[in-house]
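Keep in mind the model is a prediction, meaning the values are calculated, not measured. Whatever order the structure lists ligands and atoms in, that order sets their numbers, starting from 1. Index from 1, following the sequence.
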Amino acid sequence: MNAQAISQPRIVEVRQNILKRNDELARELRQRFKDAGVFVVSLVSSPGSGKTAFLEKTLTLLKHRGGRPAALVGDLATDNDATRLARSQAPVRQITTGTLCHLEAAMVEKALEDWNLEELDFLFIENVGNLVCPSSYDLGENRRLVLLSVTEGEDKPLKYPTIFNSSDVAVVTKVDLAEAVEFDWNAAHANIQAVRPGMPVLRVSAKTGQGMDAWLASLAPTGS
Ligand SMILES: Nc1nc2c(ncn2[C@@H]2O[C@H](COP(=O)(O)OP(=O)(O)O)[C@@H](O)[C@H]2O)c(=O)[nH]1
Ligand SMILES: [Mg+2]
């Protein structure tokens, strides 16, 4: 047996342990969120799909309507997104992951350490922009949104099935650009449904506000 054949099972075992520990922590977080009455939504997508723009609009509209939203945002580097989101006046905290391409439950737990969850109705968690890594990591969220911008192409659900499969709702973003890029709605819808039959699909533009009311209505009143 060569060295690689011997070392391979060990790598698998370590990875399984990391995922198991993450799942346990995520379960604890989910219970904490439930006890505090906060509804938690996470967002995953490739970089540039419009997570931060969609979230800034969401936080601003919720604040205007008297809600108590907050957000955590993950990136490899910089706190640019937290600065953008903070314009909504909602509490926001950046998590920088260094070289890690996803958020883990432990990072969420640490970021919330000195927050009083009882003071929140909604917590949004923007994951690191990546269509692969975040799919296996439960963050204790109630609902996971996967965003797909019209400029990315309709085939992405077929190319990255795991992230679509591990999400609850698909959000097609930047619909104000759909015509310019000849976005094929039927193909996009069919591809999403092929990967995850019955998945709800929302269409939004953070730029024009289109679809934002329908999205917020899907969260109200308790977001359950
Ligand atoms: N036209 C248009 N551009 C958008 C929309 N949402 C985001 N963008 C632009 O897309 C780029 C990436 O958006 P960002 O929110 O940073 O994406 P993230 O990396 O997924 O957080 C930015 O230049 C945004 O201004 C939208 O609804 N319409
Ligand atoms: Mg962002």
- Task: Return yes when at least one N/O/S atom of Asn80 is nearer than 2.8 Å to the Mg ion (ligand 2), and no when none is.
- Result: no
- Message: Strictly inside 4.0 angstrom of atom 22 (C) of ligand 1, do you find any protein heavy atom?
- Response: no
- Message: Among the N, O or S atoms of Glu126, which one sits nearest to the Mg ion (ligand 2)?
- Response: OE2
- Query: Looking only at side chains, do Thr52 and Asp81 share a donor and an acceptor under 3.5 Å apart?
  - Reply: yes
- Top protein contact for atom 11 (C) of ligand 1, by heavy-atom distance: Lys174 NZ, 3.9 Å
- Message: If you consider just the N/O/S atoms, which atom of Asp81 is the closest one to the Mg ion (ligand 2)?
- Response: OD2
- Heavy atom of Glu126 under 4.0 Å from ligand 1? yes
- Message: If the contact criterion is a heavy-atom separation under 4.0 Å, does Asp176 count as touching ligand 1?
- Response: yes
- Item | Any N or O of Gly48 closer than 3.5 Å to N or O of ligand 1 | yes
- For atom 15 (O) of ligand 1, the protein heavy atom that lies nearest, with its residue and separation: Ala53 N, 2.9 Å
- Closest protein heavy atom to atom 16 (O) of ligand 1, given as residue, atom name and distance to 0.1 Å: Arg84 NH1, 2.8 Å
- Could you establish whether Gly129 and ligand 1 come within less than 4.0 Å of each other, counting only heavy atoms on the residue side? no
- Identity and distance of the protein heavy atom lying nearest atom 17 (O) of ligand 1: Gly50 N, 3.0 Å
